[in-house]
Amino acid sequence: MNDRPKTLILGMGNTIRGDDAVGIEVVRRLREKINLQDLHIKETEEAGFNLLDFIVGYEKIIIVDSIKTSTGQAGDIYRFTQKDFKLSLNSQFSHGAGIAMVFAWAQKLKLPTPREIIFYAIEIEKADVFGEGLTKRIEEVIIPKVAGLIEEELGSCVDAGACA
Amino acid sequence: MGKRITIDPITRLEGHGKIDIFLNDNGDVERAYLQVPEFRGFEKFCEGRAAEEMPALTQKICGVCPTAHHTASSKALDALFNVEPPPAAKKIRELMYNAFMFEDHLLHFYVLGGPDFVVGPDAPAAERNILGVIAKVGLDIGKKVIEMRNRIRGVNATISGSSLYPVCGLPGGISKGITEEERDKIKESIKDTVEFARFSLKIFDDLVLKNKKYLDLIIGDVYRHQTYYMGLVDEANKVNFYDGKIRVVDPEGKEFIKFEAKEYLNHLEERVEPWSYLKILYLKNVGWKGFIDGKDSGIYRVAPLARLNASEGMATPQAQAEYERMFDALGGKPSHNTLAYHWARLVEVLYAAERMNELIDDPEITSKKIRNIPAQTPKEGVGVCEAPRGTLFHHYKTDDKAILQKVNLLVATQNNAAAICMSIEKAASKLIKGNQVSEGILNMVEMAFRAYDPCMACATHSLPGETPLIVSIYDKHKKLIKEIKRD
């Protein structure tokens, strides 16, 4: 893992569940715009403990994913850091580990985990119906907006030409 | 932007992580349901697409166990186009599949089942997780699990084009063979899998079986149900994850029926309960008699213990010895002890390891003859395999251009749905009397369903990516009287 760049932007989602693909679409947009030394931009449809393969070896990770809350409106954008999450270490169901558990596992085993984790979560209306394509507002308004916010997040990197 | 919110347990699929318990007039448990997420519209989503898309498409149902869907789908395409893959293609598919089963089962034992027994059923809630398991088995073992997992994922990346989402399955075979160099690389990657499987069984022996309290829990009545059992078997009635016929034995262990995948509709039927999202499968020719066990009830079980019960042994020598040891200890076959699923899972880990090593040493595994080109007009095909969590069916009907007209999937957890409800109900019954709910219900209920390793992984993508457990208890008027949550 030592040859990994220092920063990873990881888009998560499922490309056959409508707006759930939003995280993946954001990083695809970023990939078209940004090509920096020491920065990986990846996408994954994996979940649970399989995320371990993505988080080990980086110093900083920006994760982009959908979210469903009880009060939010579709298109709401949230920025979290680790401390915003009150997350469980319990896993009730098969391989259904949350991000907290995956990080806790890696840290317990003294694997090199990121010092900084930032989550961009985009509220979606539903993700329990199969279908391709995103809703118009998510596609045309929200994805460029989140991509822009992440570019701002990387501001110093973009200016310097590398995420050193 | 930047506002703080409370991340509540709204999860991706309705009913996800939810257990409903209904009480009777006396305030005792009448019925319990684990709400299993349903696949809303997946079959419809597939209709109108080319059937050849299915192996790549179906695995996206779930971000965790796609190899099972890919395999069942590839086999459904073989049947659809009426084309038999060459022997090397079948062996490579089976190698990939056993690698997947090995990794998946091992992860369950150390990470998911571990809290129940390695840490212990009475351990404080804060310790009943992966960190508690590592504390018990040691850091080195924890690292070994990850290292082993990475190697096995590498094996499947070599075989199938991806460590998670295979892209190799085609009607009549696979898209890529194994070179001699790749064989050497795979052989090196799997060389200590048998040893590690044996080591894992030893941990189970030392930490679980030698603990009388745990052993009593396994063989006791709380988690026991006398049901039918179903699993794929080869011609000698030995367990096979990839191919064979589906064998069902009755609660006394006698063969009830053995059938080919394409005949599944003659033997299995779905049922919907009014208070549940579950589509419950049962044996059509026994009939639905309610949530009761016994020979007159069509409820059956699948997955590790059921597979071993439904078979007459394991096809590899060391797994066979462990199979015999397990059933001797459990008082014979079939075993109705739900918590013995954990033990059976480890016997299957050993089988998968032995079978991988057998297959990689097979001279035919590097054959270049890996596909027979379909030449017949497609019409209908059913594929089956044993997913880690039980028997998985894919059924496709197409027009003569192989455009899908109808798709039906029976997923593993559906087979166990009725039994899981019964197990939860039985565990809950011990802790709810006269409307009084005892502490400890979460642990008992968790243990009841976690043994089955039910798959809820479809819901783990969205942040925060985990599955809070909510137990809702309703009185005789279906009014919610208590809700207990573990997050």
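What you see is a predicted model; the values in this text were computed from it and never measured. Residue numbering restarts at 1 for every chain, and letters A, B, ... go by the order of the sequence lines.
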Looking only at heavy atoms, what is the nearest atom pair of A:Asn14 and B:Lys60, with distance?
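Smallest interatomic distance, heavy atoms only, reads ND2-O, 2.8 Å.
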Please report the closest heavy-atom contact between A:Trp105 and B:Leu107, naming both atoms and the distance.
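Nearest heavy atoms, A:Trp105 then B:Leu107: CH2-CD1, 3.8 Å.
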pair B:Asn150-A:Asp53: side-chain heavy atoms closer than 4.5 Å:
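Yes, close enough: below the 4.5 Å cut-off.
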Measure B:Ile146 against the heavy atoms of chain A and call it side chain, backbone, both or neither at under 4.5 Å.
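Only the side chain of B:Ile146 comes within 4.5 Å of chain A.
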Against chain B, work out which of A:Gln107, A:Glu132, A:Lys110 has the most heavy-atom pairs shorter than 4.5 Å and name it.
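Of the options given, most contacts go to A:Glu132.
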Are more than 12 heavy atoms, taken from residues, nucleotides or ligands other than B:Lys143, located less than 6.0 Å from that residue's NZ atom?
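It does: B:Lys143 NZ has more than 12 such atoms within range.
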Test salt bridge (Lys or Arg N to Asp or Glu O under 4.0 Å) applied to A:Glu32 - qualifying residues, sequence neighbours left out:
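Counting only residues at least two positions away or on another chain, A:Glu32 forms no salt bridge (Lys or Arg N to Asp or Glu O under 4.0 Å).
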As an exercise, state the distance from CG of A:Leu109 to CD1 of B:Ile134, rounded to the nearest 0.5 Å.
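Rounded to the nearest 0.5 Å, the CG-CD1 separation comes out at 4.0 Å.
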